[in-house]
**Student:** 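First the structure, which I've put down as structure tokens, then a few questions once you've had a look.
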There are 2 protein chains.
Amino acid sequence: MRLTRAGEYGIRCVLYLARHGKGTLVSRKEIAVRTDVPPHFLAKIAQQLARAGIIEILQGANGGYRLLTDPERITMLEVIEAIIGEISLNDCVSRPESCRISARCTVHRVWNKANQQLRATLEETNFATLASEDACCLTPFPLAGDHDPSMGKK
Amino acid sequence: MRLTRAGEYGIRCVLYLARHGKGTLVSRKEIAVRTDVPPHFLAKIAQQLARAGIIEILQGANGGYRLLTDPERITMLEVIEAIIGEISLNDCVSRPESCRISARCTVHRVWNKANQQLRATLEETNFATLASEDACCLTPFPLAGDHDPSMGKK
DNA sequence: TCGATACAAGACTAAAAACATCTTATATGT
DNA sequence: ACATATAAGATGTTTTTAGTCTTGTATCGA
């Protein structure tokens, strides 16, 4: 009963980009190091974020990722669901036909309510808000100024 | 991102028992057939419900399971967590120390809120309510009168 | 008291999902 | 052209889920 790590990684990635602002290009390697995500795994996650239209991926030398949208217009729900698909707590929610009379089933209604509430909570939160405060899942880095000597190019 | 099937099965089991009322003994086989749960799997689930003090298991010929508590005092949360452990949406919730500065992390706070809300919703719902209405996860059976000829002893 | 019946408890297994990693290909700036 | 980046999918490992099997124990009733 948990969201996947890939989902968490996706949030870290978008959060890192959000701190740099929409349109700023950041290399995959930098994001991977700073958010503590395996680089190849990040690549897969980024592809899903790109397909969802949240980020853009630039290939070639000096390539990288950048946000396509303003951070305040990106919600946690969007990011999570871009990666793990629509959140559904169980079969009762995702495949109501698996039960016999789901339309009138109380259990079913409770699950649906819980599921919808969870999604609503995640939808309320955007990345401008997240980026403006401290976040645990990033290595600390100066909010202004991008060139941290400890990062290096190699 | 889903509760396990075992959790759903546990709810079916308790719901079935709730419809028979606190204290009524029902055989495992009957519950398994009527709730469409593999009998041996139900045994494992029942053991967890018993350890949590929700049901009592009686061995021997004519043994079976029965509710120890009034259905209105049993919540969905209790049943689910008796089986899958405390609900936590992700590592960020279950192991805050896995992040660096979780105490001040916005992301962390959102997850915690979502998690707590989910648990609250499940806690609001008790099995007296659930049992009083239609439910999809049970084969239909007459609410009054226990001896359905289609069940048979064999 | 013996046998049939019912559950206990844990070992075991199969399949799926999660969590990556690796390899080959492609794109881009210099 | 070459160095550097990412793409994309094949592959591999580990963990979890879901379920089964086997052996043992408890209770009832003839």
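All figures in this text were calculated on a predicted structure; none of them were measured in a lab. Naming: A, B, ... by sequence-line order, numbering from 1 per chain.
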**Student:** Starting at atom CZ of Arg51(A), determine the distance to atom C1' of dA7(D), rounded to an integer number of angstrom.
**Tutor:** 10 Å
**Student:** Report which part of the nucleic acid Arg28(A) touches: base, sugar-phosphate, or nothing (heavy-atom distance under 4.0 Å, all strands).
**Tutor:** base
**Student:** Do Thr125(B) and Leu130(B) make a side-chain contact, defined as non-hydrogen atoms from C-beta onward lying under 4.5 Å apart?
**Tutor:**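 In short, these two side chains touch, coming nearer than 4.5 Å.
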**Student:** Of the candidate nucleotides dT6(D), dT21(C), dA9(C), which contains the atom at the shortest distance from the side chain of Phe41(A)?
**Tutor:**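 Closest of the options to the side chain of Phe41(A): dT21(C).
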**Student:** By nearest nucleotide on DNA chain C, pick out whichever of Ala61(A) and Tyr9(A) is the more 5' one.
**Tutor:**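 Looking at DNA chain C, the more 5' nearest nucleotide goes with Tyr9(A).
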**Student:** Mind calculating the distance between NZ (Lys44(B)) and C1' (dC7(C)) to the nearest angstrom?
**Tutor:** 15 Å
**Student:** Less than 4.0 angstrom from a charged side-chain N to a carboxylate O is my criterion; do Glu124(B) and Lys113(A) meet it?
**Tutor:** yes
**Student:** Rounded to whole Å, how long is the line connecting atom CZ of Arg5(A) with atom P of dA17(C)?
**Tutor:**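 Atom-to-atom, Arg5(A) to dA17(C), this comes out as 18 Å.
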**Student:** Can you tell me which nucleotide in dG19(D), dA20(C), dC28(D) comes closest to the side chain of Asn62(B)?
**Tutor:**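 Within the option list, the nearest is dC28(D).
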**Student:** Nearest whole angstrom, please: distance from the P of dA25(C) to the CD of Gln47(A).
**Tutor:**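 Taking CD of Gln47(A) and P of dA25(C), I get 17 Å after rounding.
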**Student:** dA18(C) P sits how many Å from Ile80(A) CD1, rounded?
**Tutor:**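 Rounding to the nearest Å, CD1 of Ile80(A) and P of dA18(C) are 13 Å apart.
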**Student:** What's the NE2-P distance between His40(B) and dG10(C), to the nearest Å?
**Tutor:** 15 Å
**Student:** Using the rule side-chain contact (heavy atoms from CB on, under 4.5 Å), only one of Leu25(B), Ile57(B), Thr24(B) pairs with Tyr65(B); which is it?
**Tutor:** Ile57(B)
**Student:** Is it the case that the side chain of Asn90(A) and the backbone of Val93(A) share a donor-acceptor pair, with hydrogens and angles ignored and the cut-off at 3.5 Å?
**Tutor:**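 Here the side-chain-to-backbone pair exists.
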**Student:** If you find the nucleotide of DNA chain D closest to Tyr65(A) and the one closest to Pro38(B), which residue's nucleotide is nearer the 5' end?
**Tutor:** Tyr65(A)
**Student:** Rounding to an integer number of Å, can you tell me how far Ile31(B) CD1 sits from dC7(C) P?
**Tutor:** 8 Å
**Student:** Flag the pair Lys22(B) / Thr69(B) as yes when at least one side-chain heavy-atom distance between them is below 4.5 Å, and no otherwise.
**Tutor:**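 They are not in contact (no side-chain heavy atoms under 4.5 Å apart), so the answer is no.
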**Student:** Work out which heavy atom in Ala43(B) is nearest to a heavy atom in Arg28(B); give both atom names and the distance.
**Tutor:** CB-NH1, 3.1 Å
**Student:** How far apart are the C-alpha atoms of Glu123(B) and Thr75(B), what are their side-chain angles, what is the distance that settles it, and do they pass the side chain to side chain donor-acceptor pair (under 3.5 Å) test?
**Tutor:** CA-CA 5 Å; Glu123(B) 196 162 25; Thr75(B) 69; 5.4 Å; no
**Student:** Measure the distance from CD1 on Ile83(A) to P on dC19(C) and round it to the nearest whole Å.
**Tutor:**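 Checked: the CD1 to P distance equals 12 Å.
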**Student:** Using a 4.0 Å cut-off on heavy atoms, which residues in residues 52-60 of chain B reach DNA chain C? List them by number, or say none.
**Tutor:** Ile57(B), Leu58(B), Gln59(B), Gly60(B)
